[in-house]
There are 2 protein chains.
Amino acid sequence: MANAAPIVCDTCPVADRAVCAALTPDDRGELARMGHHRRYARGETIVAAGDASTVCATLTRGAAKMSTIDRDGTERIVALVHPAGMLGQLFAPAATLTVTALTDSEACIFPRSRFEALSDARPALAKRLLVEVGRELDESRGLIDLISKRQAKGRVAALILAFARAASPAPCHDEAAFDLPLTRGEMAQLLGLTIETVSRTLTALEGGGAIRREGSHGIAILDRAALDALAG
Amino acid sequence: MANAAPIVCDTCPVADRAVCAALTPDDRGELARMGHHRRYARGETIVAAGDASTVCATLTRGAAKMSTIDRDGTERIVALVHPAGMLGQLFAPAATLTVTALTDSEACIFPRSRFEALSDARPALAKRLLVEVGRELDESRGLIDLISKRQAKGRVAALILAFARAASPAPCHDEAAFDLPLTRGEMAQLLGLTIETVSRTLTALEGGGAIRREGSHGIAILDRAALDALAG
DNA sequence: CGCGCACTTGAGCACCTTCAATGGCGGTGG
DNA sequence: CCACCGCCATTGAAGGTGCTCAAGTGCGCG
């Protein structure tokens, strides 16, 4: 897919939240000229594990997953990326993770070396990156919390609540009805369960009146307190 | 325990590896005067969850764990900290994690606000912190990998290998015989298993000839390839 | 010596996985 | 247009793994 395009910050939906926001307009213009903007179709690989890790990117639209692949071929999702989040591993000599678009997505791609050089020259950017990486670290630990619930119901309930939070525009409120951005298989990878268990657990949650399914990916939360209780 | 002492960088065993190494001697002296050095006994709490997150620290000796506590009282370890690692969450408004000494330990404690101010003023420190947080992020994702092995044998085998790597002075080599720095209960918390399952799995690994136990915490690796295969 | 603590071992059972079959949906090609 | 195929999701049955509950062992310490 040859759809590289120049970066235009003026119409960027995440211009105020992405790390670029730490830069002056001039510096941002310089950064924009260094990189390009690309679209990715659902399922497309953005960064492949084993690459020389030459790029880093900001997701401007859509959603992505970062995953490892075991020797035996089992894929494991270690992080989800939402708009304004960073793709790629700063200061890593080689990419150990594969980044894949979960939905049709767009991202600004930068050469990693020049991005790092700019961060060295602009303390405001470096500080912003520090905060961003700290946030990623918190999310990663949140994911550990998610996986470590003993029972499948708790894991799935916690995942639903996490997506309800992410789907809402206001950070403090949950969305009552939303679409799961993952397939059953991806949810299973994320939670350390099988597809069948995820599916059965959703059926059970619906049977218990906690949620209602609408189509294969739509979720409406009917009993928020019940989900909270299950999620521990 | 009232054992606060001034910080003396000259005899610090991790002076070259900790984040302080990014500072000039003058700046390091200023940082040292801002903080103090403390000893902690095994099991002692270094930072309690819910604290106003007023401190951050560098571990100079020993080992520590960072953990969350669920509403139902279940503790979950989300990270291990080795000497030269950072304790506490930079730029977090409140501590969400409890930090506990796993063995008798020592740390340099700094007021968080002044540490952050110094990082704003010294780009070299900010960059060093960025690298450090990136490393923590990688470790956190490694932990996710660890937990996500389906079978108990795989998780325990991977944990043993991880400690074999950590116990070795050379980063590329494993130690063939070493002590597990965790109790069975802590290993269980880390791996998302029960104490009994960890114990039984170690027995099974020993029965299969992969390891030999020496006392309750000593481990000798007899069949490295078998552990690798189990760890996936 | 006796107590506490951590570890080990055993028996039974709940839960999740595995294997297998079925249904729905979208895309492709006849 | 419809048949066919692939992919995803659901559901069922059987079996295994790890959890729960419970007892027993070894070690350090008062």
Side-chain angles (χ1 to χ4, degrees), chain A residues 41-44 65 70 72-76 100 102-104 146-160 179-208 211-219 230 232, chain B residues 41-43 70 72-76 100 102-104 146-160 179-208 211-219 230 232:
Chain A
R42 166 177 172 74
E44 200 173 346
K65 64 177 176 182
D70 286 9
D72 61 359
T74 314
E75 187 180 3
R76 169 128 274 284
T100 312
L102 287 171
T103 65
D104 292 349
L146 197 63
I147 301 173
S148 66
K149 312 260 178 267
R150 283 286 160 79
Q151 311 259 41
K153 265 192 184 178
R155 297 191 204 183
V156 174
L159 184 65
I160 289 174
D179 273 357
L180 293 169
L182 302 179
T183 65
R184 297 288 183 274
E186 285 160 346
M187 290 168 65
Q189 284 166 22
L190 194 66
L191 298 175
L193 299 169
T194 60
I195 292 178
E196 295 94 325
T197 301
V198 172
S199 180
R200 272 188 258 266
T201 305
L202 286 172
T203 306
L205 288 175
E206 186 169 33
I211 62 169
R212 190 176 58 243
R213 281 182 290 186
E214 289 170 356
S216 60
H217 286 167
I219 293 284
L230 286 171
Chain B
R42 166 177 172 76
D70 286 9
D72 61 359
T74 315
E75 185 179 2
R76 169 129 273 284
T100 311
L102 285 171
T103 64
D104 293 349
L146 196 64
I147 302 173
S148 66
K149 313 260 180 262
R150 283 288 162 76
Q151 311 259 41
K153 265 193 184 177
R155 298 190 203 182
V156 174
L159 184 65
I160 290 174
D179 273 357
L180 292 169
L182 303 178
T183 65
R184 296 289 183 274
E186 285 159 346
M187 290 167 64
Q189 284 165 22
L190 193 68
L191 298 176
L193 299 169
T194 59
I195 293 179
E196 295 94 325
T197 301
V198 172
S199 179
R200 271 188 260 268
T201 304
L202 286 173
T203 305
L205 287 175
E206 186 169 34
I211 61 168
R212 190 176 57 243
R213 281 183 289 187
E214 288 169 358
S216 60
H217 286 173
I219 294 284
L230 286 171

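Order of the sequence lines fixes the chain letters, A, B, ..., with proteins taken first and strands second; residue numbering starts at 1 for each chain. Just so it is clear, the model here is predicted, and its values are computed rather than measured.
Rounded to whole Å, the distance from CG on A:L205 to P on D:dT10 is 12 Å. A:R155 places its CZ atom 14 Å from the P atom of C:dC15, with the value rounded to the nearest Å. As a whole-Å value, the separation of B:L230 CG from D:dT17 P is 13 Å. Remark: C1' of C:dA6 and CG of B:L182 are 14 Å apart, rounded to the nearest angstrom. Counting to the nearest Å, the C1' atom of D:dA9 and the CE atom of A:M187 are 12 Å from each other.
Side-chain nitrogen and oxygen atoms of B:Q151 include at least one within less than 4.0 Å of the OP1 or OP2 phosphate oxygen of D:dG18. For C:dA6, neither phosphate oxygen OP1 nor OP2 lies less than 4.0 angstrom from any side-chain nitrogen or oxygen of B:H217. Taking side-chain N and O atoms only, A:S216 has no distance below 4.0 Å to OP1 or OP2 of C:dG24.
Side-chain proximity of B:R200 to D:dA9, D:dC19, C:dT8: nearest is D:dC19. The side chain of B:R213 has C:dT9 as its nearest neighbour among C:dT17, C:dT9, D:dA9.
At a threshold of 4.5 Å between non-hydrogen side-chain atoms, the residues A:I160 and A:I211 count as touching. The closest side-chain heavy-atom distance from B:R213 to B:L202 is below 4.5 Å.
The closest side-chain donor-acceptor pair between B:T74 and A:R150, if any, does not fall under 3.5 angstrom. With hydrogens and angles left out, the side-chain atoms of B:R184 and B:S199 include no donor and acceptor closer than 3.5 Å.
A salt bridge does not link B:R212 with B:E206: every distance from a Lys NZ or Arg NE/NH1/NH2 to an Asp or Glu carboxylate oxygen is 4.0 Å or more.
Listed by residue number, the members of residues 192-199 of chain B with any heavy atom below 4.0 angstrom from DNA chain D are B:G192, B:L193, B:T194, B:E196, B:T197.
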From CA spacing to verdict: side chain to side chain contact (heavy atoms under 4.5 Å, CB included), B:L182, B:L102: CA-CA 7 Å; B:L182 303 178; B:L102 285 171; 3.5 Å; yes

